[in-house]
Amino acid sequence: MTPGPTEVPESALLGMARQMSHHRTPEFRKLLAEAQAGLKHVLATQNDVAILTSSGTGAMEAAVVNAVPRGGKALVLESGKFAERWRKLCEVFGIEVVRYEVPWGEAFQADEVARRLEQHPDIAAVFTTLLETSTGVGHDIEAIGRVVGPSPALLVVDGISGVGVMECRTDAWGIDLLAVGSQKALMTPPGLAFLAISPAAWRRIESIQRPAFYFDLMAYRKALADSDTPYTPAIPLVRALVESLRKIQAVGIERIWAESRRLAQALRAGVETLGLRLAAARPADGMTAVFLPEGVDGRAFLQRLEGRFGLKFAGGQGPWKGRIFRIAHMGLVDELDIVSTVAALELALAEAGQNVKLGTGVAAASRVLAQ
Ligand SMILES: *Cc1c(COP(=O)(O)O)cnc(C)c1O
């Protein structure tokens, strides 16, 4: 239960085991068209969705180099390891960064974004994050979209871990560029990244110099029109993606959002009943970050969970290394996984000398699931 790579459905694994075929064929174009239609459903968008052969960071880099020219100005909303990546990418490409920083675990305020946009009317793009995987915060992209919308700035969102598990309405919320990765809620092995591109983003891209070749989105635009890719795609991964998208579409993204919210609420109820403190002021529905109790050694605790139960959580990053653990609940995670996770936490905490009443966390989680 780590935030990627997540478990991959059997049908997707089998899809990858097939013989290579050539990609400039009607058969493969049909597959790409299906992948694009499935991605539009998951991303809740009518915009073009480019499929890139890279990890999620590739889509972030593509967004940066295509949205803001060298010497241009960007507002970066910073709070956590992945938000920090937007700033570093901007710096590498010679973009002037205006920072709006909040402490790790806190959420961005839309009116603070509005204030900075007023102070700097020449901001070309606002870079932010849907699910900040280092802190477990789910940022209010809808509210941020409302203040960025009337400005000339593009709204660029890292939805790499959040899209496919938590509500994200690309078009309704006014997201101009949305970066997504294959290996998190989309239940596909690592190696593909997706970028939804709005008409306003295309106008920007056409009008600026792009210091890119492989990630120059104009090449993708031309190919997208023919259900093609500009360069050789990762054919086995596209086959896996199509299978995983079929599974998502069979349920429907709206239902997945609602179900994920219920699972997250159950897990949070269980964790808090055990006396543990959530790390995020605005917890995301795809991942729960929890502070380790005083006196519990993080490494030993996570090793025990893995050794005894085969349960793998992620530890903390950056300043929160050794202070938190992170439980992802996306993709193939279901109700029973939530209940058994809380049961394992109870046992491991008791064995670590914590004062927990066995069964109370499980009862709290089950009560939420029973509603
Ligand atoms: C995982 C993750 C990334 C990085 O993705 P890679 O596929 O490792 O490049 C970026 N942002 C967020 C929020 C993530 O969770």
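Just so you know, residue 1 is the first one in the sequence shown, and it goes up from there. Ligands are counted one by one from 1 in listed order, and the atoms in each one are counted from 1 as well. These numbers come from the heavy atoms of this one structure, side chains and all, not from hydrogens, waters or symmetry mates.
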Mind checking whether [X] contacts ligand 1 via backbone (N, CA, C, O), side chain (CB onward), both or neither, at a 4.0 Å heavy-atom cut-off?
X: Thr57; result: both
X: Leu130; result: neither
X: Glu132; result: neither

List the closest protein heavy-atom neighbour of [atom]: residue, atom name, distance to the nearest 0.1 Å.
atom: atom 15 (O) of ligand 1; value: Thr133 OG1, 2.5 Å
atom: atom 11 (N) of ligand 1; value: Asp158 OD2, 2.6 Å
atom: atom 1 (C) of ligand 1; value: Lys184 NZ, 1.3 Å
atom: atom 4 (C) of ligand 1; value: Arg85 NH1, 3.5 Å

More than 12 heavy atoms of other groups within 6.0 Å of Arg255 CZ: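 No, because the 6.0 Å sphere around CZ of Arg255 holds 12 heavy atoms or fewer from other groups.
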Min side-chain heavy-atom separation [X]-[Y] under 4.5 Å:
X: Lys73; Y: Val98; result: yes
X: Ser21; Y: Glu27; result: yes
X: Val126; Y: Leu77; result: yes
X: His329; Y: Ser260; result: no
X: Glu101; Y: Val76; result: no

Please could you name the atoms of ligand 1 that [X] approaches to less than 4.0 Å, counting only its heavy atoms?
X: Leu131; value: 13 (C)
X: Ser161; value: 13 (C), 15 (O)
X: Ser55; value: 6 (P), 7 (O), 9 (O)

Is there a continuous path of hydrophobic side-chain contacts, each under 4.5 Å between heavy atoms, that joins Leu195 to Leu237?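 As far as the 4.5 Å side-chain criterion goes, Leu237 and Leu195 are not connected within one cluster.
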For the pair Phe325 and Phe301, name the ring-plane relationship: parallel under 30°, tilted 30 to 60°, perpendicular over 60°.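 Rings of Phe325 and Phe301: tilted, 30 to 60°.
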What about Gly56: any of its N or O atoms under 3.5 Å from an N or O on ligand 1?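 Yes; at least one N/O pair falls below 3.5 Å.
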Just distances here: any N/O of Gln183 and N/O of ligand 1 closer than 3.5 Å?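 Yes.
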